[in-house]
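Accompanying notes for the structure given below.
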Amino acid sequence: RAMPCWDLMPATHSDGRAIRRPIAWFMLAGLVAVATIGAVGFGIARQVSTDQAIRNARDLTEADAHSVQSLLTDGVVAGNRSERHALNHALRDRVLSSRVVRVKVWADDGRVVASDLRALAGTQFRLRAEEQRVLRAGGVDAEASDLARPENAHERRFGKLLEVYVGTHTTTGTPLLFEAYVRYD
């Protein structure tokens with residue numbers, strides 16, 4: 001003999017508390033699961049988009065370095081005023097943009113041989129190991145800018161920046177480091 005379906009339901013108080021409590025726990029567990037999945041998904045999407053933006057900045061900076069390659073001469077490294085002026089002009093016209101706020105070209109001794117900011121040319125700072133590696137071996141590297149470092153004093157006003165380094169060379173093969181400061185946002 002079949003039992004009526006109402007006999008399968010748990011006994012409830014007149015206000016239905018026994019039924020509401022499991023439903024509430026089920027709904028709460030569902031909301032926690034959805035929130036957790038959403039947070040993890042957002043974090044992954046943010047990391048993927050940040051990685052892609054850094055790859056784009058590296059590619060664009062490499063193209064920028066190549067766009068002034070013919071102006072990277074031994075005369076610029078030696079301090080030839082007219083050659084340095086031509087390079088500085090090209091950096092301002094071809095490279096600076098709403099995304100690139102500063103450019104520096106470094107010699108292997110840590111000297112800034114050219115920049116869109118004339119006052120930086122001739123200043124000298126210690127290159128870190130990673131910068132020296134890119135200068136000597138070539139390639140491209142990027143990292144968040146440490147604006148507390150002395151060589152970044154002129155960039156502090158821009159806020160958080162991404163420094164992108166490209167190993168390049170003069171027209172006769174002298175190694176140089178092309179550095180662009182890209183807005184992090």
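Owing to the predicted nature of the structure, the values given are computational and were not obtained by experimental measurement.
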**Prompt:** Counting N and O atoms only, with roles assigned by atom type, does the side chain of Arg126 sit under 3.5 Å from a partner on the main chain of Gly110, one being a donor and the other an acceptor?
**Reply:** no

**Asked** How long is the span from the CG atom in Asp109 to the CD atom in Gln132, to the nearest 0.5 Å?
**Response** 10.5 Å

**Prompt:** When hydrophobic residues are tied together by side-chain contacts of less than 4.5 Å, even through go-betweens, does Tyr181 share a cluster with Val166?
**Reply:** no

**Prompt:** So, for Thr170 and Val77, which heavy atoms are closest and what is the spacing to 0.1 Å?
**Reply:** CG2-CG2, 3.8 Å

**Request:** Say whether Leu91 and Val113 are linked into one hydrophobic cluster, either directly or through other cluster members, by side-chain heavy-atom distances under 4.5 angstrom.
**Result:** yes

**Prompt:** Is there a path of hydrophobic side-chain contacts, each under 4.5 Å between heavy atoms of I, L, V, M, F, W or Y residues, that connects Val105 with Val140?
**Reply:** yes

**Request:** Could you pull out the closest heavy-atom pair between Arg58 and Asp141, with the gap in Å?
**Result:** NH1-CA, 4.2 Å

**Prompt:** If you measure from the Lys or Arg side-chain nitrogens to the Asp or Glu carboxylate oxygens, is any gap between Arg183 and Asp185 under 4.0 Å?
**Reply:** no

**Request:** Applying side-chain contact (heavy atoms from CB on, under 4.5 Å), run through Arg128 and Arg149 and close with a yes or a no.
**Result:** CA-CA 11 Å; Arg128 291 175 293 143; Arg149 293 181 55 86; 3.4 Å; yes

**Fill in**
Taking every heavy atom of Ser115 against every heavy atom of Arg102, the minimum-distance pair comes out as OG-CD, 3.9 Å

**Message:** Rounded to the nearest 0.5 Å, what separates atom CZ in Arg94 from atom CG in Asp116?
**Reply:** 14.5 Å

**Request:** State whether the side chain of Asn152 and the backbone N or O of Asp146 hold a donor-acceptor pair below 3.5 Å, judged by distance alone.
**Result:** yes

**Request:** Count the heavy atoms of every other residue, nucleotide or ligand shown that sit under 6.0 Å from CZ of Arg118, and state whether that count exceeds 12.
**Result:** no

**Request:** Sort out for me which residue in Glu179, Glu151, Glu155 forms a side-chain hydrogen bond (donor to acceptor under 3.5 Å, both in side chains) with Lys104.
**Result:** Glu155

**Item:** Heavy-atom closest pair, residues Asn88 and Ala114
**Value:** OD1-CB, 3.5 Å

**Message:** Checking Glu131 against Val134 for the side-chain contact (heavy atoms from CB on, under 4.5 Å) test, could you report, in this order, the C-alpha distance in whole Å, the side-chain angles of both residues, the deciding distance, and whether it holds?
**Reply:** CA-CA 5 Å; Glu131 295 162 342; Val134 172; 6.0 Å; no

**Asked** Can you tell me how far the CD atom of Glu62 sits from the OG1 atom of Thr168, to the nearest 0.5 Å?
**Response** 9.5 Å

**Request:** Give a yes or no on whether Val103 and Leu161 share a hydrophobic cluster (residues Ile, Leu, Val, Met, Phe, Trp, Tyr; joining criterion: side-chain heavy atoms under 4.5 Å apart).
**Result:** no

**Prompt:** Considering only heavy atoms from C-beta outward, does the side chain of Arg136 approach that of Pro175 to under 4.5 Å?
**Reply:** no

**Request:** List the atom of Ala180, the atom of Val100, and the distance in Å for their closest heavy-atom pair.
**Result:** CB-CG1, 4.2 Å

**Prompt:** Which pair of non-hydrogen atoms, one from Leu147 and one from Gly159, has the smallest distance, and what is that distance?
**Reply:** CD1-O, 3.1 Å

**Asked** When you look at Thr61 and Val182, which way does the side-chain contact (heavy atoms from CB on, under 4.5 Å) test go after all the steps?
**Response** CA-CA 9 Å; Thr61 302; Val182 180; 4.2 Å; yes

**Prompt:** Are Val164 and Trp106 connected in a single hydrophobic cluster, I mean Ile/Leu/Val/Met/Phe/Trp/Tyr linked by side-chain heavy atoms less than 4.5 Å apart?
**Reply:** no

**Request:** Quick one: pull up CG in Leu117 and CG in Leu96 and give me the separation to the nearest 0.5 Å.
**Result:** 10.0 Å

**Prompt:** To the nearest 0.5 Å, what is the distance between OG1 (Thr73) and CG (Leu87)?
**Reply:** 7.5 Å

**Request:** Step by step, work out the side-chain contact (heavy atoms from CB on, under 4.5 Å) result for Phe178 and Val95.
**Result:** CA-CA 11 Å; Phe178 183 94; Val95 180; 4.3 Å; yes

**Request:** Mind checking the CG-OG spacing from Asp64 to Ser97? Nearest 0.5 Å is all I need.
**Result:** 7.5 Å

